[in-house]
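Below: the structure, in structure tokens.
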Amino acid sequence: MKRIMKVAALTACVGAMLGFVGCNSNGSGKPEDVVLEVLKKIQEGSADSAFLNKYCDEDTAKLFSGFGSEMTSALKGATFTVANVFVDDDVAVVKIKQDGGKEPGEFYYDAQIIDSQWKIKINKEAHGDYYCISQKTIIECVEAFKAAASKEGDVKYKERCTKEFWDEMQGIVTKGSPDELREIQKALSELKIKGHKKSVLHDGAIEVNLEMPGKEDGSVTHNDLILKITDGKWKACKID
């Protein structure tokens, strides 16, 4: 009984752990088609060690190698339909609807470009439909925030800000005194990205934690830059 329950639990989280493989690192081909191919190989029992090592990161390959037969049994008779696809630079998520098998439902299949090719990578954090963001995008959104909060308003990364947020930041610096502007510029010039997480306060958003120097006493403050999907792209929309 314990063994059966273990297999059932594993099957239930297959979608949270699998990802997709791609044809190459420039995004050619359809990732959803490759997801279906990976599922088919697991279902058929033909996803051998060579296949897993080629298309999975190390942790995922080890996991699937250890539970291959159980996963094949759990997916027996299942059919798969692509429900959604979202790609952001070198990371991606494909949402698959699974009918049949031991644990039918909707699952997310994640991947990242590793060694110049897409590889399946376990996503250890729960996510919603679009919890898929690259480090490049995070940096661009932070640069957009810095530009928006600058008197010059460099527009290089402006598309990574919502219009409302850009206008709000520009309004603050326009009204600021010379001393306030100097403090803002010092904070922005020494700003550091400390990490990011799924927001629990803003539905469907990412919180990027920023460390910014304080006043002359050398203290630092921490603010969260809120990123949300707007017009199909991650954009900075608020600073907390």
Checklist entry - Rounded to the nearest 0.5 Å, how far apart are CG of Leu210 and CE of Met212? => result 7.0 Å
Item to check | Residues Glu106 and Lys97 bridged, charged N to O under 4.0 Å | outcome: no
Checklist outcome for this item: On a heavy-atom basis, the closest approach of Ala149 and Ile184 is O-CG2, 3.6 Å
Next on the checklist: Between Glu180 (side chain only) and Ser177 (backbone N and O only), is there a donor and an acceptor less than 3.5 Å apart?
Outcome noted: yes
Item to check | Single-linkage hydrophobic cluster, 4.5 Å side-chain cutoff, Val85 and Leu39 together | outcome: yes
Next on the checklist: Quick one, Ser134 with Thr137, criterion side chain to side chain donor-acceptor pair (under 3.5 Å). Give me CA distance, side-chain angles, the key distance, then yes/no.
Outcome noted: CA-CA 5 Å; Ser134 69; Thr137 291; 3.1 Å; yes
Checklist entry - Just wondering, do Asn223 and Phe145 contact through their side chains at under 4.5 Å, heavy atoms? => result no
Item to check | Salt-bridge present (Glu168, Lys238; N to O < 4.0 Å) | outcome: no
Checklist outcome for this item: Output for pair (Leu52 CG, Ser65 OG), nearest 0.5 Å, gives 5.0 Å
Item to check | Side-chain touch Lys121/Asp110, heavy atoms, less than 4.5 angstrom | outcome: no
Next on the checklist: With a 4.5 Å cut-off on side-chain heavy atoms, are Glu207 and Leu227 touching?
Outcome noted: no
Item to check | From Ile229 atom CD1 to Ile206 atom CD1, the distance as rounded to the nearest 0.5 Å | outcome: 8.5 Å
Next on the checklist: Could you check whether any side-chain heavy atom of Cys161 comes within less than 4.5 Å of a side-chain heavy atom of Met169, counting everything from C-beta outward?
Outcome noted: no
Checklist entry - Which value, rounded to the nearest 0.5 Å, describes the distance between Gln135 atom CD and Asp88 atom CG? => result 11.0 Å
Checklist entry - Can you check whether Thr60's main-chain N or O pairs, donor with acceptor, with Asp57's side chain at less than 3.5 Å? => result yes
Checklist entry - Under the criterion side-chain contact (heavy atoms from CB on, under 4.5 Å), which of Lys158, Lys235, Glu159 is the partner of Trp166? => result Lys158
Checklist entry - Would you say the side chain of Phe107 lies within less than 4.5 Å of the side chain of Gln98, judging by non-hydrogen atoms? => result yes
Checklist entry - Do Thr230 and Lys233 pass the side chain to side chain contact (heavy atoms under 4.5 Å, CB included) test, and can you show the C-alpha distance, the side-chain angles, and the key distance before you say yes or no? => result CA-CA 5 Å; Thr230 305; Lys233 178 183 292 188; over 6 Å; no
Checklist entry - Are any of the side-chain heavy atoms of Lys136 and Glu140 separated by less than 4.5 Å? => result yes
Next on the checklist: Tell me the closest heavy-atom pair linking His222 and Val220, and the distance in Å.
Outcome noted: CE1-CG2, 4.1 Å
Item to check | Distance (rounded to the nearest 0.5 Å) between Ile138 CD1 and Leu225 CG | outcome: 10.0 Å
Next on the checklist: Can you confirm whether Glu58 is buried at CD, in the sense that more than 12 heavy atoms of other residues, nucleotides or ligands lie under 6.0 Å from that atom?
Outcome noted: no
Checklist entry - Within the side chain of Arg160, is there an N or O that forms a donor-acceptor pair under 3.5 Å with the backbone of Glu143? => result no
Checklist entry - Shared ILVMFWY cluster between Ile226 and Ile133, side chains joined below 4.5 angstrom? => result no
Checklist entry - Just by distance, do the side chain of Gln43 and the backbone of Leu75 share a donor-acceptor pair under 3.5 Å? => result yes
Next on the checklist: Do Phe67 and Glu70 make a side-chain contact, defined as non-hydrogen atoms from C-beta onward lying under 4.5 Å apart?
Outcome noted: yes
Checklist outcome for this item: Looking only at heavy atoms, the pair that brings Ala144 and Tyr157 closest together is CB-O, 3.1 Å
Checklist entry - Taking side chain as C-beta onward, heavy atoms only, is Val208 less than 4.5 Å from Val142? => result yes
Checklist entry - Quick check: does any side chain N or O of Ser150 sit under 3.5 Å from a backbone N or O of Lys146, one acting as donor and the other as acceptor? => result no
Checklist entry - Does the cation-pi check pass for Lys41 over Phe51, that is, NZ or CZ under 6.0 Å from the six-membered ring centre and within 45° of its axis? => result yes
